[in-house]
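Order of the sequence lines fixes the chain letters, A, B, ..., with proteins taken first and strands second; residue numbering starts at 1 for each chain. Hydrogens, waters and symmetry mates are skipped; everything else that's a heavy atom, side chains included, is used.
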2 protein chains.
Amino acid sequence: MTRGPRRSVQPDAVLDAALELIDEGALTMRALAARVGLTPGALYTYFPDRAAIVTAIADRLLAEADLSLLDDPAEPPHRRIENYALALREVLLAHPAAVPAILGAAFNGPMALRVGESLLRVLPDARATYTVMVYVLGAIALEAADRVTGSTPSFELDPAEFPLTSGQIDVILAYNSAEQFQWGLGRVLSGLS
Amino acid sequence: MTRGPRRSVQPDAVLDAALELIDEGALTMRALAARVGLTPGALYTYFPDRAAIVTAIADRLLAEADLSLLDDPAEPPHRRIENYALALREVLLAHPAAVPAILGAAFNGPMALRVGESLLRVLPDARATYTVMVYVLGAIALEAADRVTGSTPSFELDPAEFPLTSGQIDVILAYNSAEQFQWGLGRVLSGLS
DNA sequence: ACCTGAACACCGTTCAAGT
DNA sequence: ACCTGAACACCGTTCAAGT
């Protein structure tokens, strides 16, 4: 039914290259065109503009986390959410520089709707579902920001001015861990019960 | 002690103009220079680069939320956090386009340390404090993203494919409200008790 | 120290023209 | 429809030269 290959590259290949460039630190139309062997102008046959490429990547990343984890009948509801949240964290933190775009397009893409619907199946109160999404996306966004900036920046910390912060500095430096992520999610879920 | 005015504009005036331009949708060094009556190159006497301007703005916005709300002895701990969180939300959502920068520089600026220390005074467990920050900043980031994109985009929603989403569409459209923000924060805090 | 003018090395996007 | 080549209207940053 589909016509033969008229384009020299597949749209998915363009998105692959675009994600690579984001991971490398800078996505530009010119670099993207060069990577797929095209002229910059030719990209506008594939996507209307740069923003469309970014939101397409956001939706594709969202699709990489296994949504069926939320429907696993072998697990209790809270654990299903935990499993999916951890999977999503893994997928998104593999591409920290792409995370801001995901936050930006969080509820626009088709995949976001599917995630929301699946979450509602296990946590039927929409307010509770939204609270979970806020926690999960917020934690991932903060971790991602930390990774792109280059982790914690030398930390000039005066113990006299910041006694409590200094006293728990070991915990604070461990903020960005799956353990802290999971601990907080557990507290959030318990507060929603 | 300080010398007389050698510069034609104050650094704070540069930041004011920069925030204006962010609010208007695009901060460029050239537009910023024009607004304060300088040549683009002259800006590099004030700030080393564009990124420094953005993080300075982030820290200044963070400073606008009244931190003393966290130490108000007339209020119980949870309500102090609620009051501060609502104040911060108000300050940041007044400049939604600047919010991503705040997320990015969340823990680097001097003001962020002060916020953290104050939070630890009312919620002494660093893990709990971080969980609250994740919720608060996550909620603000999602609301801000929604505002810059231009609120909810026409919403093509098939009730057959997304029955639960459709059934609570009224709640979902009210996601971005101080009420939802406060409700979720209450649940988070109760989970942390 | 502060500022200008001019340059350097880039951007995203458009569009006539070719196939 | 897809693609090239070239242009348009921008960027951030640097730097000699002036005050």
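The shortest distance between side-chain heavy atoms of B:Arg7 and B:Thr45 falls below 4.5 Å. For the pair A:Ile57 and A:Leu61, the minimum side-chain heavy-atom distance is below 4.5 Å. Side-chain contact check for A:Ser193 versus A:His78: some heavy-atom pair is nearer than 4.5 Å.
The pair A:Asp12-A:Arg60 meets the salt-bridge criterion, since a charged nitrogen lies less than 4.0 angstrom from a carboxylate oxygen. A salt bridge between A:Arg127 and B:Glu179 is absent, with no side-chain N of the basic residue lying under 4.0 Å from a carboxylate O of the acidic one. Using a cut-off of 4.0 Å between Lys/Arg side-chain N and Asp/Glu carboxylate O, A:Arg121 and A:Asp71 are scored as salt-bridged.
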For Watson-Crick and G-U wobble pairs within 3.5 Å on both distances, what is DNA chain D written in dot-bracket notation, | included for inter-strand pairing? ||.|||||...|||||.||
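D:dC10 atom P lies 16 Å from atom CG of B:Leu27, rounded to whole Å. For A:Leu38 and D:dA1, the CG to P distance is 17 Å, given to the nearest whole Å. Rounded to whole angstrom, the span from the CD atom of B:Gln10 across to the P atom of C:dC3 amounts to 10 Å.
In the set C:dC11, C:dT14, D:dC3, D:dC3 carries the atom at the smallest distance from any side-chain atom of A:Tyr46. Closest to the side chain of B:Tyr44, out of C:dT13, D:dC3, D:dT13, is D:dT13. Across C:dT4, C:dC2, D:dT4, the shortest atom-to-atom separation from the side chain of B:Thr45 is found for C:dC2. Looking at the side chain of B:Arg7, the nearest of the listed nucleotides D:dG12, C:dC3, C:dG12 is C:dC3. Distance from the side chain of B:Thr39 is smallest for C:dT4 among the nucleotides D:dG12, C:dT4, D:dC3. Side-chain proximity of B:Ser8 to D:dC11, D:dT13, C:dC3: nearest is C:dC3.
Mapping B:Arg30 and B:Val9 onto DNA chain C by nearest heavy atom places B:Val9 at the nucleotide closer to the 5' end.
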Might you work through the side-chain contact (heavy atoms from CB on, under 4.5 Å) test for B:Leu185 and B:Tyr135, ending with a clear yes or no? CA-CA 7 Å; B:Leu185 180 55; B:Tyr135 173 80; 3.7 Å; yes
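Screening A:Val122, A:Leu123, A:Leu189 for a side-chain contact (heavy atoms from CB on, under 4.5 Å) involving A:Pro77 leaves a single residue, A:Val122.
When heavy atoms are screened at a 4.0 angstrom cut-off, B:Phe47 is found touching no nucleic acid atom at all. Contacts of A:Leu43 with the nucleic acid, taken as non-hydrogen atoms under 4.0 Å apart, are absent. Contacts of A:Thr28 with the nucleic acid, taken as non-hydrogen atoms under 4.0 Å apart, involve only primed sugar atoms and P, OP1 or OP2.
Only the P atoms considered, C:dA9 is 22 Å distant from D:dA9, to the nearest whole Å.
For the pair B:Arg89 and B:Phe181, the cation-pi criterion (under 6.0 Å, within 45° of the ring axis) is fulfilled.
Listed in residue order, the members of residues 48-60 of chain A having a heavy atom less than 4.0 Å from DNA chain C are A:Asp49, A:Arg50.
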